[in-house]
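One structure is given below, encoded as structure tokens.
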Amino acid sequence: MASLADVFKEKERSNWLKAWLAIDIAKSGLEHLADNEAQTFHQHIYSQVTSTLQSQSYTCNSCNTANLLGNQQCPVKVCNKVCQEIIKEHRYKKCSWNNTSATLWQTSHWEIAKCYIQTDGYADKISIQDTDFNGVVSFMLNCKRFDSKFSFPITKGKPTHNNPACLLYKAREVHKAVRHSSIMKVTDVDLQDYFTSLNNLLNDSSYLSQDNVAKNAVVKLAQLEKDTLLLTTTEMMCFLDAVGTTLKQHLKGIAKDVVDASVNDLRVNTALCIETIKDFRSNCKQELAKQADIYKQDIDEHVDSKKQGIDDHTGRHKQGMDEHAERHKQGMDEHADRHKQGMDEHADKHKQGMNEHAGRHKQGMDEHASRHKQCLDEQAEKCIKDIQEQLGNTTFTETTYKQSCKEILGALTKYYRKRFCHVNIFPLDDWAEEKLLDIYMPPTIQLMAKERGYFKKTGEQILKYKNIFLSDTEPNQQIFIQGEAGYGKSTFLAKLVMDWCTITSEQSAETTLPIDDNTTRFSSNTQMGYSNVFDDLTSLKDFTYVFHVTLRESVGQFEIEKMINTQIVDSIYSSDEDRGKAYILLNEIMKRERCLVLLDGLDEWIGTGDHHNLPTLADVHSLCVLMITTRPWKMTEAKVLDSQICKLLQLDGVNNAFEVSIKILGCMKDFKGSQDLDKKQSEFESYVRKCGLLEHLYSPMMLCLIVHSWTKGTELNGSLCEKYSLLLE
């Protein structure tokens, strides 16, 4: 068990952490009332609206929030009325439309509840469990349906000064005081006042005093106040992790609204608290690891002692058996050798004569059969081809299929080398490109695993292609790579395609495509110390074909085969006849061969609006493996099922930002070939550390932008808001 007092040594810091936990407990006590009322309100609205319709069976997927606010009429005459009912129940008639999506109103009661949350930032919260204390209380304050649920009036103005006071507003003031504290401390007097306010709310006589969930929260608050509430080490780590995340978000949120001195004070106190929390969590992990080592050592000692006894007994028995067998075998071998020697001499003489005769006869037969078979094959292929052309038959024989596959493979690798060999490195200049392998740096990728209903980072680094495509030696059929904008997802896929082209060209004995440039660049990576990161190109040999699809160019489509035809086949072939043959061949390849399909940018793709939340493969293409890149928010919006995720990976930017920056500087015309490049790199590193820009360099897009602005003489000084303003200008 763990105690809050163990985290901080200062009493007032421990009080502040105790206040956080008290707010979290109070939020759990309000969830049952708030969620039930949201469901009841949802049912009430739709029963009211649909009672006037001729048919009770309706579905609307075309309306969105912006259209409804612009007075666009709903096709089934439902969504506009729902919108009016929502406004009617708002205490101030000012709904927070940025927090909600009208397309989800019909299926999600919490999407309607979020209209009453005063502040923005809740658009991605899909349930009350995802919503923080401030959001739940804001819903109850602004929705008039809660007027009958409390003994006190929910009034306007300064409700905390009324008699009786509005306990919801007092509770929200407690949350603000704790969350916005720049010194992260709470006095004993204030802490006692916070407990009183939260207890009074949860014990309200109208409803909460009879609610079992609220009663349980009151009991926990009492235990917390008396320091008798016990948390397991795992629960403590989860709670501290949540507090740390909230602190980081809070620091980012207020950085634009306060002066630099206040931001610095808040950053120092926040960093101190986060560092202390990290140290405590690290100690917890070490304690758990020590206990596991002790248990493992006891088990190993027991197993070793048992194994030693068995080995001793087996060794003595085996030694006696081996000695007897060896003596018997020796006598048998001597007799067999003498007999075999005589037989071998006779057989060798007879076999030599037979082989000489058979060799002469076989050579003549083989030469005749080869000439005859070649003639027949040529005639058969010509006849089949003539018949197919006359009848319009597009099926493939085994010979024509292999030949066609070889041709399209060569065309595909040639297309990829032309398309992906260069990348843009200057965000402000779309025409500035450099060779991919000249500036490429392996990204930081780690495995994500599901824990308590949510995917979280595991800390396990992914350094090989085989770790992406396999899980415990079992292949993954559908892989997702998520990362923020500009973090290098598309570049990673481009490098994977180029690696596949390299290993495919090395495999082919007849290829004419040069690979010397790639070999040179891989050796340059070796000098930088990254030779072992994604160097297992042989793992890509399992895929006969790789198809790269940019999803923003296939908006409105959901069939992957058609996307490949449109983006790749139509780019390789020009005539309708050639394209038609290639379409048919592609279908055969995806049926027979193991293919890797790369779908880049799910967040930039919009489907057909029906049940297709992801691009789909035909059932007959079951040998194909999908790898999909996206931003994290799209995983939630697309409602991707757990069964559709074989493996989820998080891409967090480049491994070594300064290695990339020197490559970018070397590509600029002012420094290309310059002997002062190392000096310029040293000046840039000093500038980054002086201005506190290191944390922004792990995004390749931001790194290129900062390098480019520095070479133009623009220094990013001041607050975070001022830095972004300079970049935008």
Side-chain angles (χ1 to χ4, degrees), residues 394-396 401 404-405 408-409 411-413 415-416 465-466 468-471 474-482 489-490 492-494 496-497 500 504 539-573 579-631 634-635 637-649:
T394 56
T395 58
F396 295 94
Y401 172 74
S404 299
C405 287
I408 199 171
L409 181 63
L412 185 63
T413 54
Y415 165 74
Y416 282 152
Y465 285 126
K466 68 178 180 180
I468 295 178
F469 299 118
L470 298 176
S471 292
E474 291 296 323
N476 299 309
Q477 289 300 113
Q478 193 148 280
I479 305 158
F480 288 84
I481 301 178
Q482 68 176 21
K489 302 183 295 297
S490 298
F492 177 70
L493 292 191
L496 186 152
V497 170
W500 174 80
T504 301
S539 298
L540 301 177
K541 289 170 63 176
D542 291 340
F543 301 105
T544 311
Y545 293 89
V546 172
F547 300 110
H548 182 288
V549 174
T550 304
L551 287 176
R552 68 169 175 268
E553 297 177 8
S554 295
V555 172
Q557 288 184 315
F558 67 89
E559 295 175 273
I560 293 175
E561 183 185 354
K562 291 184 178 179
M563 295 179 181
I564 297 173
N565 283 333
T566 303
Q567 293 191 28
I568 298 178
V569 175
D570 289 357
S571 298
I572 294 176
Y573 301 100
R579 288 176 177 176
K581 293 178 181 178
Y583 293 162
I584 298 168
L585 177 60
L586 174 66
N587 182 45
E588 285 296 316
I589 288 173
M590 295 178 74
K591 286 181 184 178
R592 301 189 191 188
E593 312 293 344
R594 184 164 173 77
C595 303
L596 174 60
V597 181
L598 307 176
L599 303 180
D600 188 24
L602 180 65
D603 50 286
E604 300 179 90
W605 175 78
I606 301 175
T608 55
D610 50 15
H611 62 283
H612 293 101
N613 63 333
L614 293 173
T616 57
L617 280 169
D619 289 342
V620 295
H621 299 156
S622 59
L623 293 177
C624 295
V625 173
L626 294 184
M627 182 185 290
I628 305 171
T629 65
T630 181
R631 297 187 199 176
K634 184 66 174 183
M635 296 289 290
E637 183 185 82
K639 297 181 179 179
V640 180
L641 302 177
D642 290 350
S643 60
Q644 295 176 300
I645 305 174
C646 294
K647 179 171 281 191
L648 176 61
L649 305 175

Calculate, to the nearest 0.5 Å, the distance between atoms [atom1] and [atom2] belonging to [X] and [Y] respectively.
{"X": "F492", "Y": "L598", "atom1": "CZ", "atom2": "CG", "answer": "9.5 Å"}
{"X": "I468", "Y": "S539", "atom1": "CD1", "atom2": "OG", "answer": "9.5 Å"}
{"X": "T629", "Y": "D600", "atom1": "OG1", "atom2": "CG", "answer": "3.5 Å"}
{"X": "R631", "Y": "L602", "atom1": "CZ", "atom2": "CG", "answer": "11.5 Å"}
{"X": "M627", "Y": "K489", "atom1": "CE", "atom2": "NZ", "answer": "14.0 Å"}
{"X": "Q557", "Y": "T616", "atom1": "CD", "atom2": "OG1", "answer": "11.0 Å"}

[X] side chain to [Y] backbone, donor-acceptor under 3.5 Å:
{"X": "N565", "Y": "Y583", "value": "no"}
{"X": "Q477", "Y": "C624", "value": "yes"}
{"X": "Q567", "Y": "T550", "value": "yes"}

Where [X] and [Y] come nearest, the two heavy atoms and their spacing:
{"X": "P475", "Y": "R594", "value": "CB-NH2, 3.7 Å"}
{"X": "M635", "Y": "Q482", "value": "CG-OE1, 3.7 Å"}
{"X": "C595", "Y": "F543", "value": "C-CD2, 3.8 Å"}
{"X": "L551", "Y": "G601", "value": "CB-O, 3.6 Å"}
{"X": "Y415", "Y": "S571", "value": "CE1-CB, 3.8 Å"}
{"X": "W605", "Y": "G556", "value": "NE1-N, 4.5 Å"}

Sole residue of [options] in side-chain contact (heavy atoms from CB on, under 4.5 Å) with [X]:
{"X": "V625", "options": "I479, V546, N476, V597", "result": "I479"}
{"X": "L596", "options": "Y545, F469, F547", "result": "F469"}
{"X": "I589", "options": "I584, L409, L623, I408", "result": "I408"}

Could you walk me through whether K634 and V640 pass side chain to side chain contact (heavy atoms under 4.5 Å, CB included), step by step?
-> CA-CA 9 Å; K634 184 66 174 183; V640 180; over 6 Å; no
Who pairs with E559 by salt bridge (charged side-chain N to carboxylate O under 4.0 Å, His left out), at least two apart in sequence or on another chain?
->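 For E559 the salt bridge (charged side-chain N to carboxylate O under 4.0 Å, His left out) partners, ignoring immediate neighbours, are K562.
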Can you name the residues that form a salt bridge (charged side-chain N to carboxylate O under 4.0 Å, His left out) with R579, not counting sequence neighbours?
->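 Applying salt bridge (charged side-chain N to carboxylate O under 4.0 Å, His left out) to R579 gives D570.
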Scan for salt bridge (Lys or Arg N to Asp or Glu O under 4.0 Å) pairs involving residues 549-558, sequence neighbours excluded, and state none if there are none.
->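 Residue pairs passing salt bridge (Lys or Arg N to Asp or Glu O under 4.0 Å), neighbours aside: R552-E604.
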Side chains of [X] and [Y]: does their closest heavy-atom pair fall under 4.5 Å?
{"X": "F480", "Y": "L614", "answer": "yes"}
{"X": "H621", "Y": "I560", "answer": "no"}
{"X": "I568", "Y": "I572", "answer": "yes"}

Evaluate the ring planes of W500 and Y416, with Trp represented by its six-membered ring, and classify them as parallel (under 30°), tilted (30 to 60°) or perpendicular (over 60°).
->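 Rings of W500 and Y416: perpendicular, over 60°.
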Could you walk me through whether Y401 and R592 pass side chain to side chain contact (heavy atoms under 4.5 Å, CB included), step by step?
-> CA-CA 11 Å; Y401 172 74; R592 301 189 191 188; 3.2 Å; yes
Are more than 12 heavy atoms from other residues, nucleotides or ligands located less than 6.0 Å from atom NZ of K466?
->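 No - once you tally the heavy atoms of other residues, nucleotides and ligands closer than 6.0 Å, there are 12 at most.
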I606 atom CD1: more than 12 heavy-atom contacts under 6.0 Å =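 Open: at most 12 neighbouring heavy atoms sit under 6.0 Å from CD1 of I606.
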